[in-house]
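Here's the structure, in structure tokens; my notes come after.
Order of the sequence lines sets the chain letters (A, B, ...), proteins ahead of strands, with each chain counted from 1. This structure is a prediction, so every number in the text was calculated from the model and none was measured.
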There are 2 protein chains.
Amino acid sequence: MTAAPRKAPTAPKFRRRADARPDEILDAALAVFTEKGFDAARVDDIAGRAGLSKGAVYLYFDSKEALLRGLIEREVSPIAMRLKALADAGGDDPQATLRLIVTMATQLIDDARVFATPKLVLAVAARFPEIGEHYRKRVVDQAIDAIAGLHRRGVEAGVFRQADSGAVARLVMGPILLFAMRKHILGAKDKISTTARAEAHLDLLFEGLAVR
Amino acid sequence: MTAAPRKAPTAPKFRRRADARPDEILDAALAVFTEKGFDAARVDDIAGRAGLSKGAVYLYFDSKEALLRGLIEREVSPIAMRLKALADAGGDDPQATLRLIVTMATQLIDDARVFATPKLVLAVAARFPEIGEHYRKRVVDQAIDAIAGLHRRGVEAGVFRQADSGAVARLVMGPILLFAMRKHILGAKDKISTTARAEAHLDLLFEGLAVR
DNA sequence: CATATATAACTGACCGGTCAGTCAGTAGCA
DNA sequence: TGCTACTGACTGACCGGTCAGTTATATATG
């Protein structure tokens with residue numbers, strides 16, 4: 001909250017940090033948008049949390065909507081990267097790769113900060129359809145395609161059964177998303193460990209429900 | 001939009017229908033909230049769509065927020081009912097019941113009107129946590145519990161493999177939810193038939209991915 | 001090192017538009 | 001004639017966005 005004085009006995013009212021500002025403002029915007037929604041969030045609140053006045057925010061962003069767009073934009077790339085990294089990890093062993101993806105995704109999405117952007121996107125998508133669509137194309141569909149591709153390679157390699165690859169992708173992602181939504185959006189607080197959850201998911205994923 | 005005149009050559013400016021009003025207003029509210037979000041929706045819009053003036057809305061509801069709460073309340077029960085009906089259908093054959101549930105749920109949620117309330121809940125849950133929690137307890141968790149119970153009965157009957165019932169429930173619901181979200185919130189428009197999707201889901205659900 | 005000058009970073013009071021909620025009055029009905 | 005359902009103009013608060021003025025820092029000068 002209060003800026004640390006450097007040496008002068010009187011703390012300066014503000015410091016010049018033009019290059020760090022945009023990121024600080026976006027951090028604050030993500031926090032406030034996530035917790036109040038886009039409309040209910042006041043630019044004043046965002047400015048306050050970033051340690052600036054409202055006017056300063058408008059030095060870096062044209063409008064409240066620009067704040068939203070800039071935020072989504074900044075958050076999308078890292079997630080897309082992470083997805084790519086997950087999919088590329090050990091591409092020659094589809095089974096092990098799938099285990100890795102499920103385990104990591106389960107753990108990642110359990111973190112409220114990681115899920116903050118998806119949560120925000122879900123909340124604003126009705127008002128800003130392009131944001132929703134952009135997010136789907138760059139994140140959701142990338143993940144789905146990666147898993148579908150992984151499945152196809154696994155079928156060729158003889159380690160996966162023949163099946164609809166799209167359905168496989170949904171079977172991998174769906175349960176993880178469902179849990180995250182219950183927890184981060186609908187306020188559930190079950191206390192199963194992420195590893196236990198991933199293991200149970202993987203067991204069912206590979207073996208199915210049928211007795212044999 | 002325009003009220004149908006009953007017999008008079010000049011259409012009356014309004015009709016006395018006090019008992020039908022609340023539902024009409026809630027219908028309009030659901031439409032406008034879903035399409036614009038809670039804040040961006042104007043009470044004037046809702047009134048207009050219901051064929052009334054804004055003042056009339058306040059004869060039936062205390063506030064905009066009361067409109068939201070009344071709406072969720074009204075929409076929760078039917079869905080809970082429907083879930084109960086699905087779960088109770090043919091309780092002595094767990095396998096067939098699961099097939100039925102997946103097929104029906106896949107079809108139901110494909111309808112934008114059916115998914116309108118869940119979509120709205122997801123959007124407002126950040127601002128009104130009790131609404132999210134209420135919806136989870138009365139709808140989401142009911143569905144999860146119903147499927148988990150079904151699985152346990154199936155295990156006892158020897159038709160399902162032993163497994164974590166919670167994980168089974170997520171494996172049943174998750175993929176359906178994921179598809180609905182992509183379609184209704186993120187604007188995806190794939191054109192797989194619902195029956196094909198349900199079949200692919202069921203195949204994987206029962207048989208899993210492992211080769212045998 | 002001290003002082004003057006320039007300018008970038010920032011503040012906060014203010015304006016204008018929007019909208020939830022109110023209420024005095026009007027239309028339909030019995 | 002009286003009652004109920006309803007209208008629509010109005011109000012008051014709120015908030016996005018602006019801008020004249022202030023403060024911190026960099027640079028120039030002695």
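When the C1' atom of D:dT4 is taken as reference, atom CG of B:Leu52 falls 14 Å away, rounded to whole Å. Between B:Phe61 atom CZ and C:dT22 atom C1' the separation is 18 Å, expressed in whole Å. Between A:Lys36 atom NZ and D:dC14 atom C1' the separation is 13 Å, expressed in whole Å. Protein atom CG of B:Asp45 is 16 Å distant from nucleotide atom C1' of C:dG21, rounded to whole Å. Rounded to a whole Å, the CD1 atom of B:Ile46 is 11 Å from the C1' atom of C:dA20. Counting to the nearest Å, the C1' atom of D:dC15 and the CD atom of A:Glu65 are 16 Å from each other. Spacing between atom CG of A:Asp39 and atom C1' of C:dA20 amounts to 14 Å, rounded to whole angstrom units.
Under a cutoff of 6.0 Å and an axis angle of 45°, A:Arg170 and B:Phe179 do not form a cation-pi pair.
A:Ala66 comes within 4.0 angstrom of nothing in the nucleic acid, heavy atoms only. The residue B:Ala40 sits apart from the nucleic acid: no heavy atom pair falls under 4.0 Å. Among the protein residues, B:Leu59 comes within range of the nucleic acid bases, having at least one heavy atom under 4.0 Å from a base atom.
The aromatic rings of B:Phe33 and B:Phe38 sit tilted relative to each other, their planes meeting at an angle between 30° and 60°.
Here the nucleotide nearest the side chain of A:Ala56, chosen from C:dT11, D:dG17, D:dT7, is C:dT11. Taking the side chain of A:Ser63 as heavy atoms from C-beta on, and the options C:dG12, D:dG17, C:dG21, the nearest nucleotide is D:dG17. Minimum atom distance to the side chain of A:Lys64 is reached by D:dG16, of the listed D:dG16, D:dT7, C:dC10. Closest contact between the side chain of A:Tyr58 and the listed nucleotides D:dT7, D:dG17, D:dC15 involves D:dG17. With C:dT11, C:dA20, D:dT7 as the candidates, the nucleotide lying closest to the side chain of B:Arg42 is C:dA20. Which of D:dG16, C:dT11, D:dC6 sits closest to the side chain of B:Tyr60 comes down to D:dC6.
Within 3.5 Å, a donor on the side chain of A:Lys54 pairs with an acceptor on the base of D:dG17, or the reverse.
Between A:Phe38 and B:Ser53, the one whose closest nucleotide on DNA chain D sits nearer the 5' end is B:Ser53.
Ion pairing between B:Glu65 and B:Arg69 holds under the 4.0 Å rule for side-chain N and carboxylate O. Between A:Glu35 and A:Arg49 a salt bridge is recorded (basic side-chain N to carboxylate O distance below 4.0 Å).
Residues A:Glu73 and A:His134 form a side-chain contact, since some pair of their non-hydrogen atoms from C-beta on lies under 4.5 Å apart.
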